[in-house]
Student: 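Before I ask anything, let me first share the structure, which is written out below as structure tokens.
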Amino acid sequence: MESPSLPVTAKDWTSTSLHRVLCMQGGEGDVSYVNNSDSQALAITLSKPILISSLQSIKLFTSPLIRIADLGCATGSNTFDTVDTVVETLRGLFTAVYGDGSPEFEAFFCDLPSNDFNMLFRLLFEKQKVDSCKYFAGGVAGSFYDRLFPRGTIHVAVSLSALHWLSKIPEKVLEKGSRTWNKGKTWIEGTKKEVVDAYAEQSDKDLDDFLKCRKEEMVEGGVLFVLMGGRPSGSSSQFGDQDTRAKHPFTTTMEQAWQDLIDEGLIDEETRDGFNIPAYMRSPEEVAAGVDRIGGFKIEKMEYMKIVEYSDEKHEEWKNDPVSYGRARTNLVQAAIRPMVEVYLGPDLCDELFKRYESRVSTTQEFLHITCFFGVVAFSAIRLG
């Protein structure tokens, strides 16, 4: 197979172009985010008590309209479930105090322009035709690392499984020959300390920008709830255990699939070295440090949680059907990063990469006998006066 010219140069991934391609896979196909977000849904369910607890202690605003922002909404039921929880909890609190005089609710679904907003609002329209949880809704296209709303207008802001995605890939990791060059890798797990430090520096800057913007946009007494990919306290690895390190979708199998393309002459090493996954798993300490740096918020509660990749029933089923397991796992990783890979490699080479990924997973028997956990950090904070 002749390798076509690559649509995107490595340098583009460090500049403003990333926001044009960083999105979950749209549509309703086998590799769509809609059909591959069960672990995110489980994380939301497990962290929901933190959100509800903060909402129940909220200052009862006198505004006739309560505004909610979902930052990094993607598509599918996960975003609606959380907004429903916010609306139902607050509506119950306000009705108990004000009766029929309780406020109306408006929800803003926010994501990068590359997000599949058509799918999002089609699903929302279908949902609200049969659902009793009613609210006004709108879409906002933009980065949550920038201001999205006027000052002091948002009462509740939530961000679900999104803040571990960085605004850009650190330019340092693409500087050939430097100590920070991420040569031979497409992510940071298992790479040099200097590369991880470069990602951590970018992560701190992004977290600061996120909090600065929310500090401006939120009203005094408002609730900020964030659920993001994370790692346990004290861990220098992006993960908390060796099995997860071996089996995570971004690690060993991903690197092997890229190497397969090189070995077969479909791409060169420079092409592989130019692609880096823009994700960083923060520890609870890094999150708390960011809140302290920016000020304006008081953390009410923060927890690190481990989310199992698939149910025990699925694991047992796939032990007898490794091909289906390989397909399911490949769909999962495509839902997260296919849009970026496709822009970088082009559709044909993108297909070839994920074919090799699926083959590697299907033939690695070890994966059927170990468990991968997705670590998350969840926290709620109150906007101070």
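As a basis for the values below, the full set of heavy atoms in this structure was taken, side chains included, without hydrogen atoms, waters or symmetry mates. Because the structure is a prediction, the values reported are computed rather than measured.
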Student: Is Arg272 close to Ile262 at the side-chain level, that is, under 4.5 Å between some pair of heavy atoms?
Tutor: yes
Student: Assess whether atom NZ of Lys183 is packed by more than 12 heavy atoms of other residues, nucleotides or ligands within 6.0 Å.
Tutor: yes
Student: Hey, are Lys193 and Asp197 close enough for a salt bridge, meaning a charged N less than 4.0 Å from a carboxylate O?
Tutor: yes
Student: Are Asp206 and Tyr280 packed together at the side-chain level, in the sense that at least one heavy-atom pair is separated by less than 4.5 angstrom?
Tutor: no
Student: In plain terms, say whether Glu286 and Arg231 are close enough for a salt bridge, that is, a side-chain N and a carboxylate O under 4.0 Å apart.
Tutor: yes
Student: Does one side chain, of Asp268 or Thr271, offer a donor that lies under 3.5 Å from an acceptor on the other?
Tutor: yes
Student: In terms of relative ring orientation, are Phe354 and Tyr357 parallel, tilted or perpendicular, with 30° and 60° separating the classes?
Tutor: perpendicular
Student: Walk me through whether Phe80 and Tyr135 qualify under ring-ring contact (aromatic ring centres under 6.0 Å, His included).
Tutor: CA-CA 11 Å; Phe80 305 142; Tyr135 49 81; 8.1 Å; no
Student: Relative to each other, are the rings of Phe144 and Phe210 parallel, tilted or perpendicular (30° and 60° limits)?
Tutor: perpendicular
Student: Assess whether atom CZ of Arg293 is packed by more than 12 heavy atoms of other residues, nucleotides or ligands within 6.0 Å.
Tutor: yes
Student: Does any donor atom in the side chain of Gln259 or Arg356 lie under 3.5 Å from an acceptor atom in the other side chain?
Tutor: no
Student: Does some side-chain heavy atom of Trp258 sit less than 4.5 Å from a side-chain heavy atom of Leu345?
Tutor: yes
Student: Less than 4.0 angstrom from a charged side-chain N to a carboxylate O is my criterion; do Glu126 and Arg122 meet it?
Tutor: yes
Student: Are the side chains of Phe225 and Ser54 in touch, meaning some heavy atoms are under 4.5 Å apart?
Tutor: no
Student: So does Arg91 pair up with Glu88, basic N to acidic O under 4.0 Å?
Tutor: no
Student: Any side-chain donor-acceptor pair under 3.5 Å between Thr89 and Gln56?
Tutor: no
